[in-house]
Amino acid sequence: MKVLVVNCGSSSLKYQVLEMDDSSLLAKGLVERIGIEGSVLNHEKTGHDKYVLETPMQNHKEAIGHVLDALQSPLHGVLKSMNEIGAVGHRVVHAGEKYAGSVLITEDVIKALEECIDLAPLHNPPNILGIKACQELMPNTPMVGVFDTAFHQTMEPELYMYAIPYEMYSKYRVRKYGFHGTSHKYVSQRAAALLDKPLEKLNIITCHLGNGASCAAVKGGKCIDTSMGFTPLDGLIMGTRSGTVDPAIITFIAQKEGITEEQVTSVMLNKKSGILGVSGVSSDFRDVEKEAEAGNERCQLALDMFARRVKSYIGSYMAQLNGADAIVFTAGVGENDIGMREQICEGLDKLGIEIDREKNNVRGKETIISKSDSKVKILLIPTNEELMIAQDTVAIVGNGK
Ligand code: ADP
């Protein structure tokens, strides 16, 4: 079965077409600047040159229309007709407490996602737009929703509740949700395959370290704790996000700087903090590492803070899991940053975590990077959220087409 995977942002749309008989990628692409001047589609048939289409695209429906044309084009396409698409898998950020797994999209599902808009005001509206546009253009093709929050729904209340008045939960659903669930799920499944052990028998700590970053404690394939919280601002230090801070800082800074608390949270803590905020140089680890090597102390401090925060979560999750069988590194930094992986794992030998410097000298490849006698295995696993979405989609609609 061929599956179209769609990930809609407010002005962008990422897509892939996968042949699920052998999990191969047939084509992928990105539409940018939807609804604004300079709309552009970048389409790539696997193994061929990029095809670029610059044409006005007023909305997501028009954008998807152009994507479908490109997919059927005799020159750049991979489909003879749209009927070859057996199902569409949609990435959706927030499903609140409603769904603990992927689901076939119905009117009720769309309603439930609309009810979650106040929990993810930037992400859910474009995700829903993308679903509706695909439904209009492909009325006979089943659509599946795959949610960033779903994998974390197995957390217990004692780990997802905040110690604030209970009514804040019952009235407004303020609790920890967690994000990057599709990635944590994918890499924990791959970890079990790489270790050749049943996932049900493994305790795994997954570290998704990209521009956005989160850790998860996965027991027998189920998430028991994760570092992002009510929003993706919580937990680890990120490219531009602070991660966890003392909440009293927000009021203090607002008063001192004469700005609103909303400005502190949505601008300062989300966009000007993290690696960028501490280093004053960049949110990109490569830039910050280059400067640190040249002697920039703030850059070194930012990297040291990042590593320590990941270490703290590893320690916390070792306790929550009563020991781990494996630690997984994934996403941009986790897959590529050899020095950062080494720094995070340094000095954890008494916990049975021992990285092998030579094996760790690798990028973007599924492999074991711990010493052969390390009690806790350390794995590098490139994430593949699109493949996970496509796999869930096939599992839900069946493989009849
Ligand atoms: P996103 O959260 O946007 O999906 P990614 O997972 O793509 O982020 O990660 C992007 C980040 O990965 C970049 O900002 C960069 O800091 C980091 N990165 C990518 N390649 C390297 C590398 N070779 N060394 C260090 N950091 C890298």
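Order of appearance sets the numbers: ligands from 1, and atoms from 1 within every ligand.
Remark: E136 engages K61 in a salt bridge (Lys or Arg N to Asp or Glu O under 4.0 Å) (not counting sequence neighbours). Scanning for side-chain contact (heavy atoms from CB on, under 4.5 Å) contacts around S24 gives E19, D22, L26, with sequence neighbours left out. Applying the side-chain contact (heavy atoms from CB on, under 4.5 Å) rule to Y169 yields the partners E97, Y160, M161, Y166, R175; only residues at least two apart in sequence or on another chain are considered.
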Decide yes or no on ring pair (Phe, Tyr, Trp, His ring centres under 6.0 Å) for H184 and H152, but give the supporting numbers first.
CA-CA 9 Å; H184 289 293; H152 305 300; 5.7 Å; yes
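Aromatic ring centres of Y162 and F230: separated by at least 6.0 Å.
Note: F147 and Y99 have parallel aromatic rings, judged against thresholds of 30 and 60 degrees for the angle between ring planes.
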Note every protein N or O atom lying under 3.5 Å from an N or O atom of ligand 1, pairing the names and giving the distance.
{"from": "ligand 1", "atom 1": "2 (O)", "to": "N211", "atom 2": "N", "distance (Å)": "3.2"}
{"from": "ligand 1", "atom 1": "2 (O)", "to": "G212", "atom 2": "N", "distance (Å)": "3.1"}
{"from": "ligand 1", "atom 1": "6 (O)", "to": "G332", "atom 2": "N", "distance (Å)": "2.9"}
{"from": "ligand 1", "atom 1": "8 (O)", "to": "N211", "atom 2": "N", "distance (Å)": "3.1"}
{"from": "ligand 1", "atom 1": "12 (O)", "to": "V333", "atom 2": "N", "distance (Å)": "3.4"}
{"from": "ligand 1", "atom 1": "16 (O)", "to": "D284", "atom 2": "OD1", "distance (Å)": "3.3"}
{"from": "ligand 1", "atom 1": "16 (O)", "to": "F285", "atom 2": "N", "distance (Å)": "2.8"}
{"from": "ligand 1", "atom 1": "20 (N)", "to": "R286", "atom 2": "NH1", "distance (Å)": "3.4"}

